[in-house]
Structures are given as C-alpha cells and as structure tokens.
Asker: 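Got a structure for you, written out below as structure tokens; questions coming shortly.
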Amino acid sequence: MTINRPLALTLTVGTLTAAVLLALQAVPAEQHLPKPPHAASRPCTQLAARYPDRIGSLHRDPAATPGTAAWGGGALTARCGLDAPERTSDPCATIEKVDWVWQVHTGDATHQTLISYGRDPALEVRIDKTKVAPDTALMSLTPLAARLPPDGHECISLSDVPSA
C-alpha cells in the first residue's frame, strides 16, 4: 500500500501537534501575578527563595513574577512586596507573633485574602478555600512572613480603632 506524500505529511504534523498539546497540559502554566511594588526588596527576595515546594496537597507552580509564588494552579498565591496596610477595622488575628488582616470580599465566598500587618513590606496570601484550608496555608507561610521587618504596628481590638 502506498501513502501519498501530502497525506503522510498531514498525519505526521497532526501526530506531533497532538503530542505537544498533551505535554503542555501536563505542565501547569506559569503564574503571572501582578508584581508587587517592593518585590525586588531584599526582604522579599530572601522570602521568595524560601517559598515551599508544597503546601498541603498543592504543589508549587512555576511563577513568572518576582516575589510571587502559586500552588495548585493558582488555588493559593503569595505576593511579597506590597505596601504595609494602613490601620483598618477589617478582622485581624495574630498567628505565631505575625498579625494577619482578613480582607473582606463581598460576593466571593470561595476566596479569602490575607495580608501581613505590621510588616513592611507586606505579604499577601490569596486562598481558594475549596482547594486548601486557610490554616494549612498560614501554617506554611507565617514563618516566612515573620522574617519581614516589623514596622511597629500590631492588631488591636475594635474598641481601639478610631471612629470615622
């Protein structure tokens, strides 16, 4: 049986294209997170070098942005180098001597964003709660946030927040 050249070429190109597409699906895409303004600072470059390869069941994805990391296809992200947050009435909690502010998301019950408070630069953590428990994420990232320089601010009770 003889196969003509155009048909053989089409089959070869089609097979190679399918193989490349399958290979690309096996590797998570690089995470392109917005670059924090102070990502290149010494504290953030040192912190970013210590991001863990795995948090809970989530494996670390390749990250294309300095100071950032993502796990589980972006189910969990961390960005070091944000401006230290201003005083806020958002909920704040202390975990192993690191204060975290919960930023409120209206209409999005599956995601939670926390930002280190009293650290400059700050570390932001965004969590898809359907993929990883917030405690798991914070237990892995709090020791890194503790390495960021303190700026003298700390969580206070709501009674200490000045009224508007």
Side-chain angles (χ1 to χ4, degrees), residues 20-158 161:
V20 168
L21 289 174
L22 285 172
L24 288 175
Q25 286 179 348
V27 178
E30 279 189 335
Q31 296 293 319
H32 293 278
L33 301 169
K35 182 180 177 188
H38 311 290
S41 68
R42 182 180 174 99
C44 284
T45 56
Q46 291 175 341
L47 182 146
R50 291 180 173 88
Y51 282 133
D53 291 332
R54 184 176 166 157
I55 294 181
S57 64
L58 305 178
H59 294 278
R60 188 165 164 198
D61 305 326
T65 310
T68 68
W71 295 264
L76 172 63
T77 62
R79 298 188 314 138
C80 183
L82 278 75
D83 290 324
E86 300 288 323
R87 290 177 66 180
T88 179
S89 60
D90 286 342
C92 186
T94 303
I95 300 168
E96 295 184 20
K97 299 182 182 178
V98 174
D99 293 338
W100 293 96
V101 171
W102 270 255
Q103 295 181 331
V104 178
H105 291 280
T106 55
D108 183 0
T110 62
H111 288 88
Q112 189 169 38
T113 302
L114 297 99
I115 188 163
S116 61
Y117 185 74
R119 305 287 170 164
D120 192 10
L123 176 66
E124 175 195 75
V125 178
R126 184 164 167 87
I127 304 165
D128 179 340
K129 297 185 295 185
T130 66
K131 308 280 186 200
V132 63
D135 332 8
T136 301
L138 289 178
M139 291 307 292
S140 295
L141 296 172
T142 294
L144 297 179
R147 295 174 173 266
L148 295 171
D151 68 4
H153 294 102
E154 56 188 34
C155 289
I156 56 175
S157 71
L158 287 177
V161 176

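The figures that follow rest on heavy atoms only: side chains count, while hydrogens, waters and symmetry mates do not.
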Asker: Tell me the closest heavy-atom pair linking Ile127 and Val125, and the distance in Å.
Answerer: CG1-CG1, 3.8 Å
Asker: Excluding sequence neighbours, so at least two apart, what forms side chain to side chain donor-acceptor pair (under 3.5 Å) with Gln112?
Answerer: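 Checked Gln112 against side chain to side chain donor-acceptor pair (under 3.5 Å); zero matches.
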Asker: Sort and list the pairs that fulfil side-chain hydrogen bond (donor to acceptor under 3.5 Å, both in side chains) and have at least one residue in residues 129-141, not counting sequence neighbours.
Answerer: Asp128-Thr130
Asker: Using the side-chain hydrogen bond (donor to acceptor under 3.5 Å, both in side chains) rule, collect all pairs that involve residues 45-54, keeping only residues at least two apart or in two chains.
Answerer: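 Every pair satisfying side-chain hydrogen bond (donor to acceptor under 3.5 Å, both in side chains) with a residue in residues 45-54: there are none.
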Asker: Does anything in residues 108-118 pair up under salt bridge (Lys or Arg N to Asp or Glu O under 4.0 Å), and if so which pairs, sequence neighbours excluded?
Answerer: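 Sorted pair list: Asp108-Arg126.
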Asker: Roughly how far, to the nearest 0.5 Å, is the CG atom of Leu58 from the CG atom of Leu76?
Answerer: 6.5 Å
Asker: Going by the rule side chain to side chain contact (heavy atoms under 4.5 Å, CB included), which residues pair with Pro37 if we only count those two or more places apart in sequence or in a different chain?
Answerer: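 Here the qualifying residues are Asp83.
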Asker: For residues 62-118, pull every pair meeting disulfide (SG to SG under 2.5 Å), keeping only residues two or more places apart or in separate chains.
Answerer: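 Those involving residues 62-118 are Cys44-Cys80, Cys92-Cys155.
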Asker: Could you note down all residue pairs passing salt bridge (Lys or Arg N to Asp or Glu O under 4.0 Å) where residues 62-81 supplies at least one of them, sequence neighbours left out?
Answerer: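 Listed once each, the pairs are Arg79-Glu124.
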Asker: Would you say that Lys35 contacts Thr65 through its side chain, given a criterion of any heavy-atom pair below 4.5 Å between the two side chains?
Answerer: yes
Asker: Could you tell me which non-hydrogen atom of Ile95 sits nearest to which non-hydrogen atom of Thr142, and how far apart they are?
Answerer: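 Distance-wise, the nearest heavy atoms are O-CG2, 3.3 Å.
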Asker: Taking distance alone, no hydrogens or angles, what donor-acceptor pairs closer than 3.5 Å link side-chain atoms of residues 114-121 to residues at least two apart or in another chain?
Answerer:
from, atom 1, to, atom 2, distance (Å)
Ser116, OG, Leu123, N, 2.8
Arg119, NH1, Ala146, O, 3.1
Arg119, NH1, Leu148, O, 2.9
Arg119, NH2, Lys97, O, 3.2

Asker: Does Glu86 have any side chain to side chain contact (heavy atoms under 4.5 Å, CB included) partners at least two apart in sequence or in another chain, and if so, which?
Answerer: none
Asker: Listed by chain and number, what are the side chain to side chain donor-acceptor pair (under 3.5 Å) partners of Thr94, not counting sequence neighbours?
Answerer: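 Scan of Thr94 (side chain to side chain donor-acceptor pair (under 3.5 Å), adjacent residues dropped) gives Asp99.
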Asker: Taking side chain to side chain donor-acceptor pair (under 3.5 Å) as the test, write out the residues that go with His153, two or more places apart.
Answerer: Asp151
Asker: Taking atom CH2 of Trp71 and atom CG of Asp61, what is their separation to the nearest 0.5 Å?
Answerer: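 The distance works out to 9.0 Å.
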Asker: Using every non-hydrogen atom in the two residues, find where Gly67 and Ala48 come nearest and quote the distance to one decimal.
Answerer: CA-CB, 4.1 Å
